[in-house]
Amino acid sequence: MVTGYAAAQVSDCCYEAFEVVKLMRYEDGLEPNRVTLVSLLQAAANVGAYKEGRAVHGYAVRRSIDSFDEILETSLMDMYSKCGDLRMSKLIFDRMSKRCIGSWNALIAAHVQIGQPLGAFEIFQRMLQEDILPDMITLANLLSSCGDLKFLRQGKSIHGYLIRRQVQLDLVATTALIEMYCKCNRTNQGRILFDEIEAQDVIMFNVMVSGYLQAGFPDKALKTVCQMIEAGRKPNPATILNLLSVAADLREIRIGKKVHAYVVRQGIGSNVDIANQLISMYGKFGRIEMARQIFNRITRKDLFSWTSMITSYAQHGYASDALMVFRLIHEERLQPDLVTLVSLLQAISSLGCLTLAKEVHGHIYRNRLEKEILILNSLLTTYAKCGSLGMAECLFKSIVKKSQISWNAMISAFGMHGKCLEAIDLFNQMLKEGFQPDDITFTSILSACSHGGYVEEGWRIFQSMAEKHSVTPNTEHYSCAIDLFSRSGRLEEAYSLVQHLPPRERISALDALLSSCRVYGNVEVADIVGKELLDLDPDNSGTYILLANIYSEAGKWDAAARIREIAKTKSLARQPGYSMIESASVQ
DNA sequence: CTAGGGTTAG
């Protein structure tokens, strides 16, 4: 009777389970027994309801429940570990007179939860020393934390342990191993294990597919889904989610639409998770109306739905819509989390509204998010984009545990405001404090130098990239450096860097360079640049005109005439200019 | 215990 009460509710919802137990106590005068408490602890653990979990613990102690056995104690440990209270979990473990494998697993889970994977591995060692045979739950826990933390060595050693102990690698174990290898960037190794299995199940296919997705191989992911269909496995919701990511990553809206149609045909369009993924996919394609339509039709929107919608709006210039959607969240009894706020800040950045940025700042403090580096970095950039370099700098200084991204954000904030010297100073300070600059650091700093005309400084930093910081300059870096030289008239040096660019970028760089040649009246470089540009892009009438102008301004009438002649024989007419506004109003 | 989703710096 008592047991039936709580147990039935646990799977459903934690807080309802607690309500039921309250009813049980106050209306029926029944006191919870051991089984009730275990059920409640499970419920609390499932949703991380720390307060409720502690209350149960307190109740058990007060009532001095007779049989404080290893099951109840393990449930307590489990609850504390899932709520991130490693200390309590450990305390109970140490005091236990009799332990079951679940107690060990709970302790391992506690370490994983709190972000001390090494501690988890120590417990594992201790288990082995005490001759306690880890079960698959133990190993799955360890393998999944290996994956999350990219602990390839430890993952491999567990793999080795399984082989040494001749544990039969069944579907579940192999799946856990595949996931671990994929998350450690060893998709090939994962695939080898995958292929060794005769009949993979849907879960294993899904793990392999998401491994490819996370490794940035959407094409391989898609191919694997096709293999899955050929093998006669029916896609499940997780497969659909993967496929929608594939479509977004491949930038193939056709695939996305096909999957969407399949979802509708299968009648699973009401699945919130799938709907959320559809929103984010259509959002990435800029199909905002579609995203909104799907959003509107979700009956039970969760925080992911709201955040996806806000992100879709924010990233496509619909900042005020993003803001409007954000304001509706509270009405749904949902609390925005830090990801929601980061999306919101993106919207605010594009509005450039400092007041709103400050409002979010207040919200962050009220909700105890002021230690979340992710959101602080985001807020810093928002302040800078809303015109307040001062607030950005103040925030930067107040961040106790700066990340490399904080430095990048502040450097680029200085760059945005044309404060090149400050950017360089901060860059040096960043090095002094032992942070590794990356490609983005250099993009910011080089573009600041280029806009501020600090050629020497910029060039020195460019050269230091590969030499001192082992960052290989990419296209953007070369473009910045070319810009740096060409703006200040050092056209030969600018030209010498152009060859590092891929063809498409090379054309636009040469184009800009040719314009600089005109500004500085440099016919020699214009000769070379013009020739190369006409080779690469012979049908651009602008090049002929620009080149002819350069020649005639330098008094080289013959050369100018010759160029105009070539243009004429190629019958290149100047493309008539048109205005977007005009064509819009004509429609 | 094993499948996934919204996210910061240019």
Side-chain angles (χ1 to χ4, degrees), chain A residues 101-102 105-106 108-109 112 134-145 147 170-180 182 201-211 213-214 235-245 248 271-281 283-284 302-312 314-315 336-346 349 372-382 384-385 392 396 403-413 415-416 437-448 474 476-477 479-480:
Chain A
I101 181 79
N105 286 342
I108 286 177
V112 173
D135 62 2
M136 233 13 252
I137 296 181
T138 321
L139 297 171
N141 246 323
L142 290 169
L143 279 177
S144 97
S145 55
D170 61 358
L171 276 186
V172 177
T174 311
T175 304
L177 283 169
I178 293 173
E179 200 201 1
M180 182 276 294
C182 285
D201 66 354
V202 185
I203 296 183
M204 191 177 280
F205 267 109
N206 288 343
V207 169
M208 198 61 234
V209 171
S210 94
L213 269 172
Q214 281 165 11
N236 70 3
T239 319
I240 304 290
L241 296 172
N242 278 335
L243 270 175
L244 291 171
S245 293
N271 178 322
V272 196
D273 304 323
I274 290 178
N276 292 346
Q277 190 78 320
L278 278 167
I279 292 173
S280 118
M281 182 200 72
K284 279 179 193 150
D302 62 13
L303 197 55
F304 284 96
S305 323
W306 290 92
T307 308
S308 302
M309 198 61 237
I310 291 172
T311 307
S312 301
Q315 290 178 347
D337 69 357
L338 81 164
V339 183
T340 320
L341 290 174
V342 166
S343 283
L344 183 71
L345 282 171
Q346 286 187 337
S349 298
E372 294 288 349
I373 193 68
L374 195 83
I375 204 161
L376 291 176
N377 294 339
S378 195
L379 183 63
L380 193 165
T381 302
T382 306
K385 287 188 176 166
F396 176 76
S403 71
Q404 183 228 26
I405 292 177
S406 318
W407 291 89
N408 283 357
M410 194 62 228
I411 289 173
S412 99
M416 270 179 236
D438 64 1
D439 50 336
I440 292 167
T441 321
F442 287 110
T443 308
S444 305
I445 198 98
L446 289 175
S447 102
N474 62 25
E476 263 176 299
H477 300 128
S479 300
C480 281

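Letters go in sequence order (proteins before strands), and every chain restarts at 1.
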Q: Could you tell me which residues satisfy side chain to side chain donor-acceptor pair (under 3.5 Å) with A:Asn242, sequence neighbours excluded, listed by chain and number?
A: none

Q) Nearest-Å distance, CG (A:Leu171) to P (B:dC1)? A) 19 Å

Q) CD1 of A:Ile203 versus C1' of B:dC1: gap in Å, rounded? A) 11 Å

Q: Name all residues meeting the side chain to side chain donor-acceptor pair (under 3.5 Å) criterion together with A:Ser144; count only those two or more places apart in sequence or in a different chain, and write none if there are none.
A: none

Q.
Which residues pass the ring pair (Phe, Tyr, Trp, His ring centres under 6.0 Å) test with A:Trp407, not counting sequence neighbours?
A. A:Phe396, A:Phe435

Q.
Checking A:Gln214 now: which residues fulfil side chain to side chain donor-acceptor pair (under 3.5 Å) with it, not counting sequence neighbours?
A. none

Q.
Could you work out, with side chain to side chain donor-acceptor pair (under 3.5 Å) as the rule, every residue matching A:Ser210, not counting sequence neighbours?
A. none

Q: Take nucleotides 4-10 of chain B nucleotide by nucleotide from the 5' end and write B, S or -, depending on whether a protein heavy atom sits under 4.0 Å from the base, only from the sugar-phosphate, or from neither.
A: BBBBBBB

